[in-house]
Amino acid sequence: MKNVLVTGCSTGIGRCIAEGLASKGYRVFATARKQQDLEALTAAGFEVVRLDLTDTESVQQAAEQVLSRCEHNLYALINNAAYGQAGAIEDLGRDELNLQFQTNVIGTQQLTNLFLPAMRARNEGRIIQISSLLGFITMRFRGAYCASKHALESLSDAMRYELANTGIYVSLIEPGPIRSEFRNNMLKTYHESIVDKDSVHKSNYRKIEKEMDVENYTYPFMLGPEAVLARVVHALESKKPKARYFVTKPTYAFAFLKRILPGFVLDAILSRI
């Protein structure tokens, strides 16, 4: 039985990955930040670990707990925990940007680094990063989130080069629109940090609010989280996993357009989305 740690398992993609891997016989360590989510995961039969990626000590303790429980034999780390900060860049302060990067980049990389020595000692391991279409494409009013995922992708590429010939593989999963609580959570952070600001972008924000309300808005080509799980399984079980896995038609489409279109044409398209 191989040991796998999945972060951000309270709902959505993380919960789907945890359940799917458990059903395939993996020993899954599942993380969450809130106590009620930890209790729900425990009730579902998972081995739970509290993890707050914005807290250095919490990250350290989580890694120590997992390594102790699996006797330093963690096969795979699946970095899924993240959130999206909506809003125009000029409306975001230092605190919002800091929190976005502490969660999506810095805490995630700290956690990864804590597991690498054990993987190196066995010359085996998988690091699977749940990135996004927005990890290689930037859209307006998503700049902070896009920047964090671009950073995650660069760090992942660097690790892949640095870990060559070690038996440790690094893969990026790049989903487009997936049914989950992600947009509801984005709406919460938007209300906390943006909604009351006297912004020149107020008319655009009204539209964004509707798009983030998943009960009233459906994205074209949206898939369920099972589509992400399928790519994760391949990255875990293939002898030579891919560096990148696209999920959903928009991801394939924009990857193609980015290769063939002049920059000013792609800018014109993205600035209108």
Side-chain angles (χ1 to χ4, degrees), residues 6-14 17 31-33 51-56 58-59 62 77-114 127-160 170-178 180-194 201 208 211-212 219 225 228 231-232 243-248 250-251 254-255 258 270 273:
V6 184
T7 69
C9 296
S10 56
T11 60
I13 292 173
I17 292 171
T31 83
R33 182 171 55 88
L51 174 64
D52 181 348
L53 289 169
T54 67
D55 184 336
T56 298
S58 174
V59 175
L77 168 62
I78 302 170
N79 284 314
N80 166 73
Y83 80 97
Q85 173 65 63
I89 294 300
E90 64 188 295
D91 289 337
L92 298 177
R94 187 184 187 95
D95 289 343
E96 288 84 16
L97 291 172
N98 182 61
L99 188 60
Q100 181 76 105
F101 274 79
Q102 285 289 337
T103 303
N104 293 9
V105 184
I106 298 171
T108 295
Q109 192 61 50
Q110 179 196 356
L111 184 70
T112 303
N113 289 351
L114 290 169
I127 298 168
I128 300 174
Q129 312 274 56
I130 307 302
S131 182
S132 171
L133 159 62
L134 300 185
F136 63 87
I137 287 292
T138 300
M139 293 183 179
R140 59 180 184 160
F141 308 118
R142 301 288 191 275
Y145 177 72
C146 293
S148 73
K149 289 300 185 181
H150 276 65
L152 180 72
E153 298 227 348
S154 292
L155 290 169
S156 300
D157 287 340
M159 281 195 296
R160 193 172 62 255
V170 181
S171 295
L172 285 154
I173 314 290
E174 298 170 324
I178 298 291
S180 72
E181 290 296 312
F182 182 84
R183 288 173 184 81
N184 280 340
N185 293 331
M186 182 181 284
L187 185 59
K188 290 177 185 177
T189 60
Y190 162 81
H191 279 295
E192 291 169 358
S193 58
I194 296 294
H201 299 286
I208 290 172
E211 291 178 354
M212 288 188 290
Y219 282 77
V228 179
R231 305 305 198 276
V232 169
R244 281 173 167 77
Y245 291 85
F246 295 164
V247 188
T248 73
T251 305
F254 276 108
K258 189 172 183 178
L270 293 172
I273 295 178

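- Heavy-atom minimum distance, S156 versus Q129: OG-NE2, 3.0 Å.
- Distance check, rounded to the nearest 0.5 Å: OG1 of T56 to CG of L111 gives 11.5 Å.
- Considering every non-hydrogen atom in both A144 and F101, the closest pair reads O-CE1, 4.2 Å.
- N185 places a side-chain N or O within donor-acceptor distance of the main-chain N or O of E181, the cut-off being under 3.5 Å.
- Side-chain atoms of T108 come within 3.5 Å of backbone atoms of T103 as a donor-acceptor pair (strictly under, hydrogens ignored).
- Side-chain contact check for R33 versus L53: every heavy-atom pair is 4.5 Å or farther apart.
- Among L152, T112, I130, I128, the single residue meeting the side chain to side chain contact (heavy atoms under 4.5 Å, CB included) criterion with N79 is T112.
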- Task: Could you walk me through whether D91 and H201 pass side chain to side chain contact (heavy atoms under 4.5 Å, CB included), step by step?
- Result: CA-CA 9 Å; D91 289 337; H201 299 286; 3.9 Å; yes
- Task: Would you sort out whether V105 and Q109 count as a side chain to side chain contact (heavy atoms under 4.5 Å, CB included), showing the intermediate values?
- Result: CA-CA 6 Å; V105 184; Q109 192 61 50; 5.5 Å; no
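- The two atoms that bring Y83 and Q100 nearest to each other are O-NE2, 2.8 Å, heavy atoms only.
- The shortest side-chain heavy-atom distance between L99 and Q85 does not fall under the 4.5 Å cut-off.
- Nearest approach of V170 to R160, heavy atoms of both residues: O-CD, 3.6 Å.
- Side chains of R183 and L187 form no contact here, defined as non-hydrogen atoms less than 4.5 Å apart.
- When each of N80, V247, V6, I173 is tested with I13 by the rule side chain to side chain contact (heavy atoms under 4.5 Å, CB included), just one qualifies, namely N80.
- Contacts of R244 classified as salt bridge (charged side-chain N to carboxylate O under 4.0 Å, His left out), with partners at least two apart in sequence or in another chain: E153, D157, E174.
- Closest heavy-atom contact between S131 and P175: O-CD, 3.4 Å.
- Remark: side-chain polar atoms of T138 are not paired, donor with acceptor, to backbone N or O of G143 under 3.5 angstrom.
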- Query: Would T248 and L133 satisfy side chain to side chain contact (heavy atoms under 4.5 Å, CB included), going step by step from the backbone distance to the final call?
  - Reply: CA-CA 9 Å; T248 73; L133 159 62; 5.9 Å; no
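- Put simply, the side chain of T7 gets close to the backbone of A81: a donor and an acceptor are under 3.5 Å apart.
- S58 and D52 are not linked by any side-chain donor-acceptor pair at a separation below 3.5 angstrom, with hydrogens and angles left out of the test.
- In terms of heavy atoms, G12 sits closest to S180 at CA-CB, 4.0 Å.
- Interatomic distance, L172 CG to K149 NZ, rounded to the nearest 0.5 Å: 9.5 Å.
- Between the CD1 atom of I78 and the OG1 atom of T31 there is a distance of 11.0 Å, given to the nearest 0.5 Å.
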- Message: Run F136 and T251 through side chain to side chain contact (heavy atoms under 4.5 Å, CB included) and show every step you take.
- Response: CA-CA 9 Å; F136 63 87; T251 305; 3.9 Å; yes
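- With rounding to the nearest 0.5 angstrom, the NE2 atom of H150 is 8.5 Å from the CG atom of L134.
- To the nearest 0.5 Å, the span separating CG on L97 from OG on S193 amounts to 10.0 Å.
- In this structure, OG1 in T189 is found 9.5 Å from CD in E96, a value given to the nearest 0.5 Å.
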